[in-house]
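Here is the naming used below: chain letters follow the sequence lines, and residue numbers restart at 1 for every chain. Keep in mind it's a predicted model, so treat the numbers as computed, not measured.
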There are 2 protein chains.
Amino acid sequence: MTIERATLHEVAAAAGVSLASASRALTGGSASVAMVQKVRRAARRVGYVPDATARSLRLGGTRQVLFAVDDIGNLNYVAMLRAIEREFADTGIRLSVTTTGRDVEQTVALVQSMNMGVGDALIISPLRVSPSLRRALSELIVPVVVIGSLQGNVPVDMVRVDSGHAVQLAVEHLQSLGRRRIGFVNGPLNTNPGVSRRHGYLAAMEAAGIAVDGCFMEIATDFTIKAGRAAGQRILDRCGEMGLDAIVGGNDLLAVGIINACLAAGLRVPHDIAVTGVDDTEYAASYNPSITTVSLQSAERGRLAAQLLLARFEDPTRPPETATVMPSLVARSSTQSGDVNVD
Amino acid sequence: MTIERATLHEVAAAAGVSLASASRALTGGSASVAMVQKVRRAARRVGYVPDATARSLRLGGTRQVLFAVDDIGNLNYVAMLRAIEREFADTGIRLSVTTTGRDVEQTVALVQSMNMGVGDALIISPLRVSPSLRRALSELIVPVVVIGSLQGNVPVDMVRVDSGHAVQLAVEHLQSLGRRRIGFVNGPLNTNPGVSRRHGYLAAMEAAGIAVDGCFMEIATDFTIKAGRAAGQRILDRCGEMGLDAIVGGNDLLAVGIINACLAAGLRVPHDIAVTGVDDTEYAASYNPSITTVSLQSAERGRLAAQLLLARFEDPTRPPETATVMPSLVARSSTQSGDVNVD
DNA sequence: TTGAAAGCGGTACCAT
DNA sequence: ATGGTACCGCTTTCAA
């Protein structure tokens with residue numbers, strides 16, 4: 001029961017060798033078999049555990065990468081996380097997740113803290129991007145990969161997906177099914193996805209030659225189930241009698257909330273009203289009815305982000321690269337009558 | 001566009017003062033107003049950012065706490081996480097999450113790495129507990145709080161809940177509703193929750209004087225939706241014709257999977273068969289039908305864990321404490337016909 | 001108040 | 001192959 005941790009000094013002393021030899025014997029430098037044995041034994045005897053902080057200081061780098069997301073309660077980010085972890089599996093890199101939450105300035109603070117050497121690199125998927133965040137990101141000394149878009153041209157590696165196009169696919173799918181009065185429950189407009197998904201909705205409606213009734217659009221206070229339900233209730237109250245026959249949710253969480261609201265209002269999904277989501281998380285696949293959604297390839301985006309980072313570790317001078325993935329529709333029961341939980 | 005970070009040395013040089021003075025001026029030691037001004041200005045000029053690693057080495061501690069969970073895709077853990085974050089909000093502690101995953105030895109490795117000073121403390125909620133994990137935990141030099149149970153008597157702070165009793169509550173609820181042939185889809189038996197929930201089920205059935213038909217019990221390969229669906233299918237195939245009128249799921253994820261299986265089999269929930277979960281995550285509340293579940297007070301457990309840790313930071317010598325919370329039933333639509341999504 | 005210097009725990013270069 | 005030592009960047013005695 002050691003209460004104080006032993007240092008390498010003590011190991012060296014216990015083994016009767018020099019500090020340098022002890023270090024080499026343990027980390028695998030040139031050392032004789034006898035030396036290695038002696039030191040190893042001594043290390044075990046005194047209960048030696050190397051100090052990560054000291055090592056990091058000397059080596060100039062923690063072997064830690066941070067993954068920052070707004071809401072880890074969103075399975076979308078969990079999918080990214082898992083993919084990143086897999087990619088880092090044999091690299092000796094420790095991935096740790098931090099949630100940044102609603103406040104952009106909190107995110108900015110996190111990004112800035114990276115320059116203090118809290119981690120060797122950052123993978124970040126920000127919902128809201130402010131000028132201050134853009135600045136913080138461009139002032140970053142450590143490598144960073146952004147999953148999402150940044151608006152300005154910050155010279156960093158990025159992984160993108162056109163989520164506006166994703167909404168467009170959803171709308172077109174609904175139209176092809178004969179739905180005409182298609183509402184849209186979006187997430188907050190002060191987020192990047194909120195803005196681009198709005199564009200997608202408007203573009204699709206316009207392309208179909210359908211006049212967009214402003215009251216068919218509703219904005220949830222957040223990309224969450226709860227907010228989706230509240231917003232769903234509002235849009236139903238406001239234009240339920242106007243023949244609304246479909247609602248596009250800004251993401252899967254919103255879609256779940258919207259369906260909640262529909263069911264509570266006595267509407268059948270999809271018979272009376274069709275609902276779609278975006279993200280293709282497990283929520284969508286396992287809900288009742290299973291939810292038609294548009295995959296944003298979260299796992300693939302996570303994988304690409306990790307690879308981009310690894311490539312930059314290899315060659316820090318390579319020019320910033322942007323990888324892009326394509327959204328793809330996943331049709332399920334919330335838009336087409338048919339089997340429940342087709343998967 | 002600084003490519004190299006400036007050190008305190010350079011700040012001192014730029015300000016024409018000593019290293020010591022620069023340090024004091026920046027961190028708030030005794031320094032004259034003029035000195036502070038001079039140094040601050042110099043720091044800004046050279047773009048100085050303190051190095052967290054060096055500071056940690058000198059101060060003997062990163063201000064970082066690790067939260068380790070098996071599956072961050074389970075909202076149960078997300079609830080704990082949020083509560084912990086809230087508790088740490090004003091403490092200057094950075095919380096970072098690491099997922100340990102299926103393999104116990106991976107968890108053991110993580111725990112051991114704590115002794116290398118990767119973090120100042122650990123909050124861990126392990127699903128599977130092996131002797132090696134128990135040993136690793138008791139050999140830990142840094143403070144640790146375990147959310148869950150450990151079996152042996154490892155002298156660490158703990159937050160517990162009797163999840164066996166939770167299942168018991170679920171079974172009793174079903175019985176009070178007139179259900180008699182109650183099946184149980186459990187998680188893996190090599191997990192602590194799996195074992196205690198099994199006891200809970202058996203105890204409740206016995207207390208009701210109902211002979212437990214072994215074939216009414218099924219074990220999912222994991223506490224996930226997918227595994228729940230597969231296990232649900234199995235139990236339905238095996239004894240659907242035996243008048244099964246309720247299934248208790250080992251947790252909410254399993255319950256969702258079970259309902260998926262029931263619906264796919266053409267069964268109506270709760271009319272033909274009632275289903276319950278455990279954890280009271282948002283899944284349960286927002287599913288269709290809303291799922292009756294037993295709250296394990298995850299948020300409260302997270303809060304308690306954080307407080308226990310804070311208390312130990314205050315007084316490292318205090319005896320290990322175990323906080324306990326009580327499970328409580330949350331009745332919803334998956335067991336009682338009635339409104340959809342009563343919440 | 002200020003400066004010089006001793007570490008915090010390792011790693012790696014330099015001779016030997 | 002081994003030992004001596006400088007040093008990673010910062011904080012904190014100790015004197016002046």
Side-chain angles (χ1 to χ4, degrees), chain A residues 2 4-40 42-43 46-64 92 113-120 141-142, chain B residues 2 4-40 42-43 46-64 92 113-120 141-142:
Chain A
T2 331
E4 270 307 316
R5 46 172 143 243
T7 72
L8 191 55
H9 273 91
E10 315 184 44
V11 175
V17 302
S18 79
L19 178 61
S21 299
S23 174
R24 276 178 304 228
L26 258 27
T27 55
S30 54
S32 67
V33 192
M35 175 66 79
V36 171
Q37 283 237 346
K38 234 188 332 190
V39 175
R40 281 239 179 92
V46 301
Y48 172 69
V49 176
D51 184 303
T53 307
R55 185 176 283 178
S56 296
L57 178 59
R58 185 64 234 237
L59 263 33
T62 67
R63 296 285 285 165
Q64 176 172 117
S113 80
M114 291 303 297
N115 273 347
M116 307 193 0
V118 165
D120 289 353
I141 286 179
V142 303
Chain B
T2 330
E4 270 308 315
R5 46 172 142 243
T7 72
L8 192 56
H9 270 94
E10 314 186 42
V11 175
V17 302
S18 79
L19 178 61
S21 298
S23 174
R24 276 178 303 228
L26 257 26
T27 55
S30 54
S32 67
V33 194
M35 175 65 80
V36 171
Q37 283 237 345
K38 235 187 332 187
V39 174
R40 282 240 178 93
V46 302
Y48 172 70
V49 177
D51 184 303
T53 307
R55 184 176 284 178
S56 295
L57 179 58
R58 186 63 234 244
L59 263 34
T62 66
R63 296 285 284 163
Q64 176 172 115
S113 80
M114 290 303 297
N115 273 348
M116 308 192 1
V118 165
D120 289 353
I141 287 179
V142 303

Value in whole Å for how far the C1' atom of D/dA6 lies from CG of A/Leu57: 13 Å
Could you check whether A/Val49 gets within reach of a base, just the sugar-phosphate, or nothing at all, counting any heavy atom under 4.0 Å? sugar-phosphate
Using a heavy-atom cut-off of 4.0 Å across all strands, would you classify B/Ser56 as base, sugar-phosphate, or nothing? nothing
Return the value, rounded to whole Å, for the distance between atom CG of A/Leu8 and atom P of C/dG9. 11 Å
With no angle test and no hydrogens, is the base of D/dG9 tied to the side chain of A/Arg58 by a donor-acceptor pair under 3.5 Å? no
Of A/Pro50 and B/Ala34, whose nearest nucleotide on DNA chain C comes first from the 5' end? B/Ala34
Rounded to whole Å, CG of A/Leu19 lies from P of D/dC7 at a distance of 16 Å
Applying a 4.0 Å non-hydrogen cut-off, can you work out what A/Ala20 is touching in the nucleic acid: base, sugar-phosphate, or nothing? base
Does B/Ser30 reach a base, just sugar-phosphate, or nothing at all? Heavy atoms under 4.0 Å. base
Could you tell me whether B/Ser32 contacts a base, only the sugar-phosphate backbone, or nothing, with contacts defined as non-hydrogen atoms closer than 4.0 Å? sugar-phosphate
Categorize B/Thr53 for me: base, sugar-phosphate, or nothing, with a 4.0 angstrom heavy-atom threshold over every strand shown. nothing
d(CZ, A/Arg24; P, C/dA12) in whole Å: 11 Å
Donor-acceptor pair (no angle test) under 3.5 Å: A/Arg5 side chain, C/dG9 base: no
Nearest-angstrom distance from the residue atom CZ of A/Arg55 to C1' of C/dC8: 16 Å
Donor-acceptor pair, side chain of A/Arg5 and main chain of A/Val49, under 3.5 angstrom: no
Which part of the nucleic acid, if any, lies within contact of B/Thr7, taking any heavy atom under 4.0 Å across all strands shown: a base, the sugar-phosphate backbone alone, or nothing? sugar-phosphate
Figure out the CG/P separation between A/Leu26 and C/dG10, and round it to whole Å. 10 Å
To the nearest Å, give me how far apart CG (A/Leu59) and P (D/dC7) are. 17 Å
